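Written out below as structure tokens is the structure these notes cover.
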Amino acid sequence: MEDKIKLFMDEVKTRNGHEPEFIQAVQEVAETVIPYIAKHKIYNGKNILLRMVEPERLISFRVAWVDDKGDIHVNRGYRIQMNSAIGPYKGGLRFHPSVNASILKFLAFEQVFKNSLTTLPMGGGKGGSDFDPKGKSDDEVMRFCHAFMLELNRHIGPNTDVPAGDIGVGAREIGFLFGMYKKIRNEFTGVLTGKGRSWGGSLIRPEATGYGTVYFANSMLQTQGKDFKGKTVTISGSGNVAQFAAEKVLHLGGKVLTLSDSQGYIYDKEGIDEEKLAFVMDLKNNKRGRISEYTEVYTSATFHKGVNPWEVKCDVALPCATQNELDGEDAKTLIKNGCICVAEGANMPSTPEAIHEFHQAKILFAPGKASNAGGVATSGLEMSQNSLRISWSREEVDSRLKDIMSDIHDSCIAYGKEDDGYCNYVKGANIAGFVKVADAMLAQGVI
Ligand code: NDP
């Protein structure tokens, strides 16, 4: 079996040698899915995984825009349309200076499996730009978003490709992008998700990724007869996913000890309660400040510059910032300190070495493609509401989100439970996600 995986990965590396994040994401899937393919004759000889690792379409384009001083800037825009076997391409847009084809291909590849796991009819895609919204005025962000959509509009549509937010793309950016799409196409459609409430957005969409991650972690804890009540929780990031993960942990009776941003983390030994979290939301979403400013207001907290929060003792860890933010050494520290559960809110935040440590120690570990799927699932619910031209209540969307997260958890158990009873959620998520897409691809023939 190892030979088969190596042969496959050699081909992937030859074609994508300069794309380390993409190779990392494919390797994780190959290690679990290739043995499954070998045992299931219908997939043999169909080169199905090789077809899945090649994007159906990769669009790269120039985005030229003018700043407040009148200077002209050029950024690079992308949309990766990875797989449409089970529905229109669906996946976020990321605006961050680190964005390149490798990062977007890894995200688009993960998205295919994640969307399949939600049980909703959505293919996988991802896009974005190396534009950095940090430090830009609202007008500059608007001009950039308009310029970006001037090109992107011709590649997307409610039945073709429906982008959403991701790092650096929140409610403000979705508004500017949607406005330009509507202007160019002269149509009001559900072409983007994460829209504002008064113009087609869904209740619970802003909360969904963070809430869903905690619902999933709670299901994991329940397999051991435990829950969040009284548990200490470390969270990285302080953006959309981290904020609402923290909120749901508080709802379920847990104690949030940390939040972070790219400059470092804050540790509040007394816990980040609802009032303190409201301060963080205002600081990050409205004032666009830095997490270190928390310690100027709350003296129970300390700021730790240039490091991540995994050195803080906790029961549950929720990495909610970015890829590869938790490495093998961090994993060893978490395990040594008694952590029993790690659920990824971000995409691929744990390195392969970290995942290996979690599996060796047999602690509960959920990969982002399963645990953070609540965001895209609720985007799917936003698409349904747009198509039906109705708006569901907060309770209705939240209850559907809970059901979807519980179904994803069941799928992971169905495909990931090992002989000794331990659930390998990575294996479970990869195989469950693969089967639905692969079956659709087989039915549709070689295209
Ligand atoms: P936001 O832009 O709202 O927040 C990102 C947070 O992560 C910020 O606190 C940011 O700090 C921090 N961060 C970004 N890059 C780094 C870095 N290199 N090192 C340390 N910290 C960093 O993004 P989201 O919360 O939306 O996304 C977070 C993660 O969740 C991403 O991996 C994303 O792909 C994933 N995700 C998001 C979904 C969504 O619905 N939004 C859905 C599913 C997954 P700073 O402000 O300093 O940059």
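Bear in mind that the values here come from a model prediction, so they are computed numbers and not experimental data. Numbering of ligands and ligand atoms starts at 1, following listing order. Reckoned from all heavy atoms, side chains included, excluding hydrogens, waters and symmetry mates.
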**Q.** Residues in the immediate environment of ligand 1 (any heavy atom closer than 4.0 angstrom)
**A.** Arg94, His96, Lys114, Lys134, Asp166, Ile167, Gly168, Arg205, Thr209, Gly237, Ser238, Gly239, Asn240, Val241, Ser260, Asp261, Ser262, Lys284, Arg290, Cys320, Ala321, Thr322, Gly345, Ala346, Asn347, Asn372
Q) So does Arg154 pair up with Glu151, basic N to acidic O under 4.0 Å? A) yes
Q) Who are the side chain to side chain contact (heavy atoms under 4.5 Å, CB included) partners of Ala164, not counting sequence neighbours? A) Lys90, Thr193, Ser379
Q: Scan Asp130, Asp132, Asp166 and name whichever one has a salt bridge (Lys or Arg N to Asp or Glu O under 4.0 Å) with Arg94.
A: Asp166
Q: Mind jotting down which residue pairs meet the side-chain hydrogen bond (donor to acceptor under 3.5 Å, both in side chains) criterion with at least one end in residues 324-334? Sequence neighbours excluded, please.
A: Gln24-Asn324, Ser236-Glu325, Asn308-Asp330, Glu329-Lys332
(Q) Check the orientation of His304 and Tyr267. Use parallel for under 30°, tilted for 30 to 60°, and perpendicular for over 60°. (A) tilted
Q) For His251, what residues pass the side chain to side chain contact (heavy atoms under 4.5 Å, CB included) criterion, not counting sequence neighbours? A) Tyr211, Glu247, Lys248, Glu274
